Structure formats: structure tokens, C-alpha cells
2 protein chains.
Amino acid sequence: MSETNHRYSAHVEPSFTPKNVIKSLSIDNLIFGLDHGKLDILLVKHKVGLSKGQWALPGGFIRHDENLRDAASRHLHELTGVTDLYLEQLKTFGRVDRFPSERVITVAYYALVSAEDYKLVAGNNASDACWFGIHELPELIFDHKEIVDFGIQHLQQQVRRRPIGFNLLPEKFTLLQLQELYEGILDTKLDKPNFRRKIMKMNLLTSCEEKQTGVAHRAAKLYRFDEQAYQALTEKGFSFEI
Amino acid sequence: MSETNHRYSAHVEPSFTPKNVIKSLSIDNLIFGLDHGKLDILLVKHKVGLSKGQWALPGGFIRHDENLRDAASRHLHELTGVTDLYLEQLKTFGRVDRFPSERVITVAYYALVSAEDYKLVAGNNASDACWFGIHELPELIFDHKEIVDFGIQHLQQQVRRRPIGFNLLPEKFTLLQLQELYEGILDTKLDKPNFRRKIMKMNLLTSCEEKQTGVAHRAAKLYRFDEQAYQALTEKGFSFEI
DNA sequence: TCAAAAGTGTTTGTTATACACCCATGT
DNA sequence: ACATGGGTGTATAACAAACACTTTTGA
């Protein structure tokens, strides 16, 4: 893990730049997680370099023989151990003065990490990787705050149009968990009966024929997201709207 | 104009690469225009280099002291003479093998060119710049076809959610022109009465208190898009949906 | 007077919203 | 028994879709 941070920090001090990577171009990952209905972002703390001690988005350089998404994936994997994520390009940030001393343009990717993986990341031996609530972010390096702000806005838009939010939940979830997820991301309150109906009418959830356990109230049914049904519907021009 | 093409073609043969630009990173512009309800794209023909004689998106390299959008803007201006456009980042394309012989990643921007500017471009002395209907595109260089396909899809999504389509029309336009624009982009037929009502209810159009002239039927009222009303509405959380 | 597009009205079915209500379960 | 969330029902209003209709104008 320290190797990863070394590699990233390298990107602050050119002398640390690993070989076989593209100059002037980096990757930064915006990783969202969900903690009890609160939206979090994963940050790392730089260990060396000019920006030592400062928080930043996890990222790094791109190898010459590596596709952009693969680079994003690799950096994410090296840091968190998580693979097979919903990982999408967000935007490329290239302000002339965004990086000190030399021109570096960064391609930002974003990912949504499920509740299980959320714990995995937190329990990782990368003691300098940490989740922060989006309303309690520390000072960030470079233009990373700008990337975060853009990403949150983007997520709020995307989550209304595509069922990507499910990636933030465990495999089996209740309808209330799903509702709280949407409330957390969109920062609003939703009407329970109406939300349930809207979701159920889409036929995107499969009942697990199971119920919650260990709760001090009537146990809710557990559902799982039906990827195939979604694929089938999108091919028919289906539009997902919350 | 030949200078522009020289500059762009440079991007094919590294030996032509101008000084003071970033290596391994280029800009490509996807420029949409409207011709009688038909959606067009602006292409240029390379005059020198490996890809001589082939059609490509107008683009080029980024100067070290130049922001990304400024670079996109500059290349567009140099080629078409058009300024002050709706010009947005589309996506960054970076497949390892997208460019022959060396690694070049490109940031794609897109713009919508109004009917007036459309003529301006066509009448320009850049004899190797030409509009093509999106269904009649020639073979394109590198991964430019991929960029075009992505851009068309993106435009179809964006145009439904934000009133960017107005950029493709002249300043004063009729409701039928607007409807034909949407039909052209979305590749569907829309119901006239319903379309009119939907648009008018948004209060985004100002009447010019003027009518069409020179038409062989009842003259339609001319409208203009009210930018201020749109700004005011978006701040209130207004959502534009066609 | 006819074609062509401008522009209005109305009917019908669907969907959104708000809110009242009953159900199940652990403490 | 009661608090807590699970889950259903329904009245109302807003909206979308389809389509019939009247108006204006140049040729």
C-alpha cells in the first residue's frame, strides 16, 4: 500500500515519477461510499513530496501500454483491494495552473463502492486512506475540491437517470435502505409509499424470499437488483427516473 | 486556413509538431450544425502526413499555457472563424492503440453551431472543411468514428434535459423550426400541438413581435430564446425536459 | 380556392402527490 | 402495550398523448 502512495506522491515531485508512464497526464479517482445514509468519499494522505500531509483523491500516472480505465482501476485496486466496480470517466481537468511547477492534466474517474467493500477499504492496512463525509471534507490538494464538487453534482444527476445507486448497497437490501440511499445522495426527503411504488413498478428488483433479522420491528423483505432485467429494459428504450 | 490544417496534420507526423505544446495529448472538436432539419458534422481533410486525404474531426495540440477549453476554442476559431459558442467537454479518449506509432490521448469537445455560422463555415476559404450529414459520414481517421458516435448519443441525451438545441437555430426562429430541430436530433416525429404547449409553458421564449416573411402560407410568429429566464429558472431547480 | 402550415381545443388515460391507514415484531 | 418501521389504499390534481378542428396566407 505504501508503494501506491509512493507512486502517487511521485506525481507531486517529478523526481519520483515512475518509468514507463505518460508525462503531463494523471488519473484521479473519486470513490463514493455509503455510511448509514451518509455519502462518503475516499481520500488518501500524501506521505512524501511537496504536498506531504495533505489529503488528496487516490490517483496516479498512466502507463504507456495501459488504457485509461485500466489505469483508474489499477490505482483503485492497489489502494483498496476492490475490483469489478462501476467505474466511469467523470471529466478531464486541465487548468494551466492546477498543478504546481509543471503542466499536468488529470482524467477523473468515479466509482461507487458497495457497503461490503466499504468495510474492506476501512479495514485495509492503508492507514492513510480514510472515508470522509461529503460535508466534512478536509482541505484538499490542487484542484481536487473542484473535482469532488463536480463529481457530486454529476452523481446527483446520474443517480436519477440510471440505477447506479444500487452499487452503494449490499447485495441484499431493503426498500428503506434504498430510499435512504437516494435521500442521502439527493439530499432530500422522499415519500415512502410513492417511492416504493415507483421502484417496484420498474421490475428491477428480485425478491430474495428472505427477511431482515435482528431488527426491533417488523422485518422487511430483502431484494436484490436484477441486472438482466435492467439490460433487457434498456434495450427497449426504457428510461429509469427517480 | 491551410495553416490550421498544417497544424492539425502535424499531429499525425510528430516531426510537424509545433513547439510549446503538450506531447501525448490532443484536442478534437465535434461540431454539430443543422441543415434543413438534418444534423451535420464538420470534418476536415488532412493535407499532409500519414493520413493524407482522409477525413477527420478538426483538432490539434494543446499549448503549455493554454486551458483545455481555450485550446478547443482556438482550433475551432482558426478553422471556422466562429467564436462564442456553446463549447463543452465531451469525453477523453485514450485507448492504447488509438493513435499509430505513439501514445496520444485526446480530449473531445463538442459545439453546436447556429444556422448563421453554418453558412459562414461553408463559405470559408477552407476548401477542405466540409459538413456531412450524420448518416452520410465518410471513413474517419483513428477512433474519430467512435468519438462521433459517442457525441451523437450524448447530444441526444443532453438536448432533452437542457435547452442547448437553441444554439443550432438562428436568433429568431419559429416554433416549427424548433420542433424540426428536435425531430432531427432525436430522430423521431413529435406532435405539433403538444410540442408547442410544452415549450410555451416553460416561459423560455420571448416573442419578437414579428412574423416570418416570404412564405407561401400563414406566417408564423418569431421567437427568441430568453437566456435570462432560463438562468432564473435553473437557479430555482427547474428541470428542462422535452 | 386550394395547399400548407399556423395555431387552438378537447377528450382520455396515466402518473404524481399527499396523506391516512393497518400490520408485524422485539422490548 | 407501544414504539418502530413495513407495507397498502385512495382521492385529487397535474400531465401526456392523440387527434379534430379553425385560421391565415401566397400562389
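Every value quoted in this text rests on a predicted model; they were computed, and no experiment measured them. A note on names: the letters A, B, ... follow the listed sequences, proteins ahead of strands, and every chain is numbered from 1.
Note: CZ (F195(B)) to C1' (dA6(C)) measures 15 Å, nearest angstrom. Counting to the nearest Å, the P atom of dT15(C) and the CD1 atom of I199(A) are 15 Å from each other. When the C1' atom of dT4(D) is taken as reference, atom CG of L175(A) falls 17 Å away, rounded to whole Å. In this structure, the CD atom of E241(A) is 14 Å from the C1' atom of dA16(C), given to the nearest Å. Following rounding to the nearest Å, R196(A) (CZ) and dA20(C) (P) show an atom-to-atom distance of 19 Å. Atom NE2 of H217(A) is separated from atom P of dT27(C) by 11 Å (rounded to the nearest Å). For the pair K221(A) NZ and dC23(C) C1', the interatomic distance rounds to 13 Å; values are reported in whole Å. Rounded to an integer number of Å, the gap from N194(A) CG to dG9(D) P is 14 Å.
Side-chain atoms of E235(A) and Q231(A) include no donor-acceptor pair closer than 3.5 Å. N167(B) and S114(B) share no donor-acceptor pair across their side chains, judged by distance under 3.5 Å alone.
Two residues, D191(A) and A219(A), neighbour DNA chain C, and the one matched to the more 5' nucleotide by heavy-atom proximity is D191(A). If R197(A) and Q212(A) are placed on DNA chain D by their nearest nucleotide, the residue sitting closer to the 5' end is Q212(A).
Relative to the side chain of A220(A), the nucleotides dG7(D), dA4(C), dT17(C) differ in distance, and dG7(D) lies closest.
In this structure, F166(B) and Y182(B) have perpendicular ring planes: the angle between them is above 60°, well past the 30° mark. The aromatic rings of F142(A) and H144(A) sit perpendicular to each other, their planes meeting at more than 60°, with 30° as the lower class boundary.
Note on R218(B): every side-chain N or O is 4.0 Å or more away from OP1 and OP2 of dT23(D).
With F150(A) as the aromatic partner, K91(A) meets the cation-pi criteria of under 6.0 angstrom to the ring centre and within 45 degrees of the ring axis.
At the heavy-atom level, L176(A) lies under 4.0 Å from the strands shown only through sugar-phosphate atoms.
Taking only distance into account, the side chain of K192(B) meets the base of dA6(C) through a donor-acceptor pair shorter than 3.5 Å.
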